[in-house]
Number of protein chains: 2
Amino acid sequence: MRKNLLIYGLLLAVLMVVLEVTKYRFLVLENRIEIYIGIIAIVFVVMGAYMGRKLTTPKEVIIEKLVAVPTTPSAPFILNETVLDKLGISKREHEVLQLMAEGMSNQEIADKTFVSVNTVKTHVSNVLLKLDAKRRTQAVIKARELSLIP
Amino acid sequence: MRKNLLIYGLLLAVLMVVLEVTKYRFLVLENRIEIYIGIIAIVFVVMGAYMGRKLTTPKEVIIEKLVAVPTTPSAPFILNETVLDKLGISKREHEVLQLMAEGMSNQEIADKTFVSVNTVKTHVSNVLLKLDAKRRTQAVIKARELSLIP
DNA sequence: AAGATACTCATACTTTCGGGTGATTTTGGT
DNA sequence: ACCAAAATCACCCGAAAGTATGAGTATCTT
């Protein structure tokens with residue numbers, strides 16, 4: 001962001017210099033300063049538009065769209081990473097998800113991953129949210145359908 | 001959208017007229033055209049930023065919701081009844097086990113089978129015992145391994 | 001008819017899960 | 001160097017799950 005502002009400032013400066021150098025020629029042109037203004041206007045409108053895009057965050061109206069995810073049963077398991085990061089599931093969350101799928105309790109997962117139960121709970125909660133599941137059992141089913149776990 | 005463009009065009013025109021009318025005074029100012037450019041630049045950067053927002057910001061952000069769709073029909077499930085009665089799992093228990101495997105809660109199972117939650121709990125407990133599982137998630141895994149459920 | 005088995009339900013108690021919130025630290029990318 | 005995301009942990013609370021025990025009903029077998 002800050003870098004962008006710098007670039008814009010620089011551009012502005014360069015443009016000014018160019019104009020300064022060439023202004024006499026322009027002025028000779030029967031004082032048709034409108035052309036001059038027009039060029040500057042266009043340049044800065046474009047620049048501003050780009051800045052506007054970069055600097056502002058859109059207010060979202062969420063509309064859900066269903067997308068089919070093909071699954072191949074009993075084939076050698078291939079993690080669907082596309083789905084994984086489409087759902088925004090992190091490495092740790094995915095790891096916890098796998099252990100969940102193996103029937104482990106939060107405590108057991110905590111022991112195996114060397115973190116506290118609270119941390120595991122947080123991960124589990126996130127996974128449930130991201131998989132839109134009410135229970136861990138549901139989460140496991142959905143995860144398997146989406147090829148996130150074997 | 002189109003209305004906005006009109007307004008901007010109009011603004012641009014007005015600005016040009018204003019500048020045209022006042023340009024001589026500006027030019028008299030020791031040819032300090034940089035100030036002139038600066039003002040135009042600022043005006044159009046702001047204008048462009050606003051336009052950029054209005055014209056390019058989508059009002060709707062489509063979020064894709066993933067749905068699993070099996071491409072290959074899974075192998076037909078064959079219940080292993082030998083194991084089933086070797087473990088002494090009754091019909092009702094088996095039924096509950098299946099619903100458990102579908103990610104249902106005890107309450108949901110109770111509703112679906114028209115019995116009380118307490119009854120379901122009893123069945124679940126029995127299943128856990130007979131499958132030697134600590135949790136329902138484990139029970140489901142073991143049951144699947146033993147071909148008791150699909 | 002008696003006995004075994006399955007099914008049903010309840011009550012009481014403990015453990016595990018899951019939601020919500022907030023805070024700190026680590027890490028990866030610019 | 002800085003920002004954003006990820007990871008870590010804690011505490012509370014309520015809901016769900018699981019354990020234990022007892023008990024009534026139905027069904028089927030011998």
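Everything numeric in this text was worked out from a predicted model, so none of it was measured.
- Near-neighbour residues of DNA chain D inside residues 92-111 of chain A, defined by a heavy atom below 4.0 Å, number-ordered: R92(A).
- Residue S125(B) places at least one side-chain N or O closer than 4.0 Å to OP1 or OP2 of dT19(D).
- Salt bridge annotation for E102(B)-K112(B): absent, with no cationic side-chain nitrogen under 4.0 angstrom from a carboxylate oxygen.
- The CZ-C1' distance, from F114(A) to dT8(D), rounds to 16 Å in whole Å.
- Using a 4.0 Å cut-off, some side-chain N or O of H123(B) falls inside it from OP1 or OP2 of dT8(C).
- Ion pairing of E95(B) with R92(B) is present here, as a side-chain N (NZ or NE/NH1/NH2) and a carboxylate O approach within less than 4.0 Å.
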B/S/- contact track for nucleotides 21-26 of chain C, protein heavy atom under 4.0 Å: ------
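- In this structure, M100(B) and V124(B) have side chains that are in contact, with non-hydrogen atoms separated by less than 4.5 Å.
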Distances for protein N/O vs nucleotides 11-15 of chain D N/O pairs under 3.5 angstrom?
none

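- Backbone-only engagement by S116(B) is indicated by non-hydrogen atom pairs under 4.0 Å involving sugar-phosphate atoms exclusively.
- Contact check, S90(B) against dA6(C): no side-chain N or O comes under 4.0 Å of OP1 or OP2.
- Heavy atoms of V117(B) sit nowhere under 4.0 angstrom from any nucleic acid atom.
- Checking the phosphate oxygens (OP1, OP2) of dC17(C), no side-chain nitrogen or oxygen of R135(A) falls inside 4.0 Å.
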